[in-house]
Amino acid sequence: MHIIHTIQELRRWRKQSGSVAFVPTMGNLHEGHLALVKQAKKEAEHIVVSIFVNRLQFGQGEDFDRYPRTLEEDAAKLRDCGVDILFAPNEAELYPHTSQQYQVEPPNLQNELCGAFRPGHFRGVATVVCKLFNIVQPDAACFGKKDYQQLAVIQGMVSDLNIPVKIVPVDTGRARDGLALSSRNQYLNADERAEAPRLYRVLNETVKAVRTGNRNYAELEQHAVQQLQQHGWTVDYVEIREAGSLNVARLGDKNLVVLAAARLGNTRLIDNIEFSA
Ligand code: PAF
């Protein structure tokens, strides 16, 4: 595996490479990321993984500074998985200008769900992913379904801006107790870690209620919020949406997704389940 830090070197490599599948990450890799790499291997001859903690997608007071940076351990894991290129640019390489920078402005979806609580987050994600796509020029790119709204924003971006990259969604990796794998899980103390799987359980109960005929989505969402609040969670939202568009779910929609974001202590967790009504 080659570790490349500059755009120029990456472009040089790309000119003579065959097809490429790409996995963009912010590092601190866990089994969920390695599942993306495994899927990427099925998509193309070469695998490129990027590690870049993207300041642009963190709001004020969020965890940009304490976000775990573990490049050496990450590189060892990627080497073991047979990755060809680890692209690890620094900030000056990716964002050489301090102001007047072009950004990718996603549509209204960026202000809903997580976007309502993290203003500018999806603009930051879309901008860095667009830049990385232009640099790596992959044939395919793998994204986890845990970040369901992120996946929708990226799918919309490549479609609307005619970016020739196949977006490959990959199922959420989970711990044995159901907790969705996330780099942020390591912020949880022992008590919070024991409580954390409730988020997935509550989403499963919501799915079950819809499947057994309850179509009062607002009531189900409210019930899920209360379940979490009773156990010490601060809930940003629990919402049932149409899975393809992420529009508010209407009676008659068949493909649904229930999404949630909630905090345990200082740690914000997200999760979702796709299902058919
Ligand atoms: O999902 C992530 O880790 C990040 O949002 C991404 C896609 C690497 C962009 O910084």
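The model shown is predicted, which means the values in this text are computed figures rather than measured ones. Note: hydrogens, waters and symmetry copies are ignored here, and every other heavy atom, side chains too, is used. Order of listing sets the numbers, starting from 1, for every ligand and every atom in it.
Near V128, meaning under 4.0 Å from any of its heavy atoms, are these atoms of ligand 1: 9 (C), 10 (O).
A cation-pi geometry, defined here as NZ or CZ lying under 6.0 Å from the six-membered ring centre and within 45° of its normal, does not hold between R211 and F275. Both the sub-6.0 Å distance and the 45° axial angle are satisfied by R66 relative to the ring of Y187.
Contact annotation for T25 and ligand 1: only backbone heavy atoms (N, CA, C, O) come within less than 4.0 Å of the ligand.
Applying the ring pair (Phe, Tyr, Trp, His ring centres under 6.0 Å) definition to pairs two or more places apart or across chains, none involves residues 123-160.
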Between side-chain atoms of residues 223-233 and protein atoms elsewhere (two or more places apart, or another chain), which donor-acceptor pairs fall under 3.5 Å?
from : atom 1 : to   : atom 2 : distance (Å)
H231 : ND1    : Q227 : O      : 3.0
W233 : NE1    : E195 : OE2    : 2.7

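Among all non-hydrogen protein atoms, the one lying nearest atom 2 (C) of ligand 1 is Q150 NE2, 3.9 Å. Looking only at heavy atoms of the protein, atom 10 (O) of ligand 1 is closest to Q57 OE1, 2.6 Å.
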